[in-house]
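Indexing begins at 1, ligand by ligand and atom by atom, following the structure's order. Nothing here was measured: the structure is a model prediction, and the numbers come from that model.
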Amino acid sequence: PATADPGQLKEFVATELQRVRDRSFGLTTAVLDDDDLTRQHSALMSPLVWDLAHVGNYEELWLLRETAGLEAMRPDIDDLYDAFEHPRSERPSLPLLSPAESSDYVDLVRRKVLDSLETVSFEPAVPLLDAGFVYGMVLQHEHQHDETMLATHQLRRGPQVLPVGEAMPAPRAVTWPAEVLVEAGEFMMGTSTDPWAYDNERPSRAVFLPPYWIDTTPVSVGAYRSFVEDGGYDDARWWSTGGWEWRCRSGKRAPAFWFQEGESWQRRRFGVVEPLPDDEPVQHVCWFEAEAYARWAGRRLPSEAEWEKAASWDPATGTKRRFPWGDQPPSAEYANLGQARFRPSPVGSFPAGASAVGALQLLGDVWEWTASDFTSHPGFCMFPYPEYSEVFFGSDYKVLRGGSWATDPLACRNTFRNWDYPIRRQIFAGFRTARDA
Ligand code: AVJ
Ligand code: FE
C-alpha cells in the first residue's frame with residue numbers, strides 16, 4: 001500500500017478487493033460451465049470451484065471472525081475448505097458448494113467485509129491491523145489462488161477459454177552481457193519494514209556473500225532446447241541423485257507441455273498449440289531439470305540470498321530496493337506481471353526494469369528456482385498462523401523467487417518467497433544460473 005493515511009488505505013483496500021474478485025470470477029464462473037468448474041483437471045490441483053469457495057472461507061475467517069468478531073456463517077463448511085484437512089486429490093469427492101452456491105457465499109462474505117471495513121480501525125498496536133496487514137494478507141491469498149487456478153487452466157484439456165495473448169516482438173536488439181557480476185560484500189536480506197510482507201520474509205538482516213556472476217536474464221527456451229537436443233535427459237552426469245531418479249521414474253524428456261512434430265517443436269498453452277518460442281524464458285520445468293541444465297552448462301543455480309542481492313541491493317548507495325528497478329510500483333514498462341499477456345515476454349525485455357547490478361526480468365515472466373531449501377531465516381517469528389509457512393520449513397521444498405507473468409503486482413516484491421517440491425512442473429517456473437567469481 002502506497003499510503004499510511006487510514007482513510008486512503010481503506011479506499012485502496014476496497015478497490016483491490018474488487019479487482020482481485022473480478023480476476024477470480026474471470027477465471028471461474030465467467031468462462032467455464034458447472035461441469036468444468038467441479039471436475040478435477042489434474043490430481044495435483046483442486047477443482048476450480050474449491051479454490052473459489054476457499055478464498056471466500058479464508059476471507060470470512062480472517063476478516064469477519066478474527067477481525068470483526070462475527071460468528072461463523074457456515075460452520076458446516078469450514079472443514080471442506082481447510083487445505084490441511086483434505087489433500088487436493090480428495091477434494092472432488094467432497095460435498096462441496098456448487099458453483100452457484102460458492103459464488104453466493106463469496107458475495108455474501110464480501111458484502112459483510114465491506115460493511116465492517118467502514119468501522120475497523122487500523123491500530124498500530126494490534127499486529128493484525130497495523131497498516132491493514134490482515135487485509136493485505138487476504139488480498140495476496142486470493143491472488144495466489146488465482147495464479148494456482150491459471151495453472152489448473154493450463155493442465156485442463158479442452159478448447160481455449162482464456163485469452164492467449166499476442167506473441168511479443170523480440171526486444172530491441174541490444175546485446176546484453178550474458179551475466180552480471182555481483183561484488184563481494186554484505187547486503188540486507190529480507191525486510192522488517194514492508195507492511196504487508198509475510199512472516200517468512202522477516203526480519204531484515206545482514207548477509208555476507210562472496211563475489212558471484214548471475215545470468216542477466218532467465219534461461220531461454222532456445223538455450224534449454226539445446227540441452228534437450230544434446231541428449232541432456234539421457235546423461236546421468238548432469239543430474240543429481242534425486243534428479244536422475246525423477247527422470248527415470250517419470251520418463252520425462254522435455255519440459256511440460258512441449259512435444260515434437262517431425263523436426264519441429266510445439267507447445268500447448270491454454271488449449272492452443274503453437275511453435276515453441278525460442279526467445280521466451282523456459283517455463284514448466286521442475287527444480288531437478290533446472291539443476292541438471294545448470295550443471296550441463298558448467299554453472300549452478302543461485303542461492304536465494306544471491307538471487308535477492310542481485311535483485312534488491314544497490315551497492316553504490318548501500319540501500320535496498322523493494323523492486324529490482326526501485327521503489328516505484330510495477331508497471332508495464334518494468335515487468336510482465338498480472339496475467340497481462342498470459343505468457344512470458346522474450347528474454348532481454350524491460351531494460352527499464354533492470355536491477356542495480358544490471359540483471360533483467362527478475363520480477364515477472366517466470367518464477368525462478370533457487371538452490372535453497374525453504375527454511376526459516378534467523379530471527380523468524382511466526383505470524384499470524386503456522387500453516388502459512390512455518391509448517392513447510394525443512395528440506396522438502398525449494399524456494400522460488402521473483403513472480404511470474406501470472407503473479408499480481410500486489411503479491412510480489414524482492415523479498416517474497418515462494419516454494420514447491422523439486423518435482424513440480426505445473427507452476428509458471430523457470431530459472432537463471434550463476435557461478436562463483
Ligand atoms: C505460497 C504459493 C506456496 O499456494 O500453497 C495459498 C500460498 N497459502 N493458500 C500455496 C497459499 C495458503 C502457497 N504458496
Ligand atoms: Fe489457500
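When Tyr233, Tyr224, Phe227 are each tested for a ring pair (Phe, Tyr, Trp, His ring centres under 6.0 Å) with Trp296, only one passes: Phe227.
Annotation: side-chain contact (heavy atoms from CB on, under 4.5 Å) contacts of Pro218 (sequence neighbours excluded): Pro281, Gln361, Val366, Glu368, Arg432.
Between Phe12 and Trp196, the ring-plane angle classifies as tilted under the 30° and 60° cut-offs. Ring pair Phe393/Phe374 is tilted by interplanar angle, where 30° to 60° counts as tilted. Classification of the Tyr58-Trp62 ring pair by plane angle, with boundaries at 30° and 60°, yields tilted.
Using a cut-off of 4.0 Å between Lys/Arg side-chain N and Asp/Glu carboxylate O, Lys252 and Glu289 are scored as not salt-bridged. For Glu306 and Lys309, the salt-bridge test fails: no basic side-chain N is under 4.0 Å from an acidic carboxylate O.
Evaluated by nearest non-hydrogen atom to atom 7 (C) of ligand 1, the leading choice among Gln144, Gln140, Glu142 is Gln144. For atom 12 (C) of ligand 1, the nearest non-hydrogen atom from the set Glu387, His141, His54, Glu147 comes from His141.
Contacts between Trp419 and ligand 1, counted as non-hydrogen atom pairs separated by less than 4.0 Å, involve both the backbone and the side chain. Within the 4.0 Å heavy-atom criterion, neither part of Asp420 lies near ligand 1.
In this structure, the ring of Tyr334 has its center no less than 6.0 angstrom from the ring center of Phe323.
Heavy atoms from other residues, nucleotides or ligands lying under 6.0 Å from CD of Glu11 number 12 at most.
For Arg91 and Trp50, the positive end sits near the middle of the six-membered ring, less than 6.0 Å away and at most 45° from its axis.
Considering backbone and side-chain N/O atoms, Thr148 never comes within less than 3.5 Å of an N/O atom of ligand 1. For the pair His145 and ligand 1, the shortest N or O to N or O distance falls below 3.5 Å.
Here the heavy atom of the protein found nearest to atom 8 (N) of ligand 1 is Tyr388 CE1, 3.7 Å. Scanning all protein heavy atoms for the shortest distance to atom 2 (C) of ligand 1 gives Asn418 OD1, 3.3 Å.
Annotation: protein N, O or S atoms under 2.8 Å of the Fe ion (ligand 2) (waters excluded) comprise His54 NE2, His141 NE2, His145 NE2.
Within the 4.0 Å cut-off (strictly below), no protein heavy atom is located near atom 5 (O) of ligand 1.
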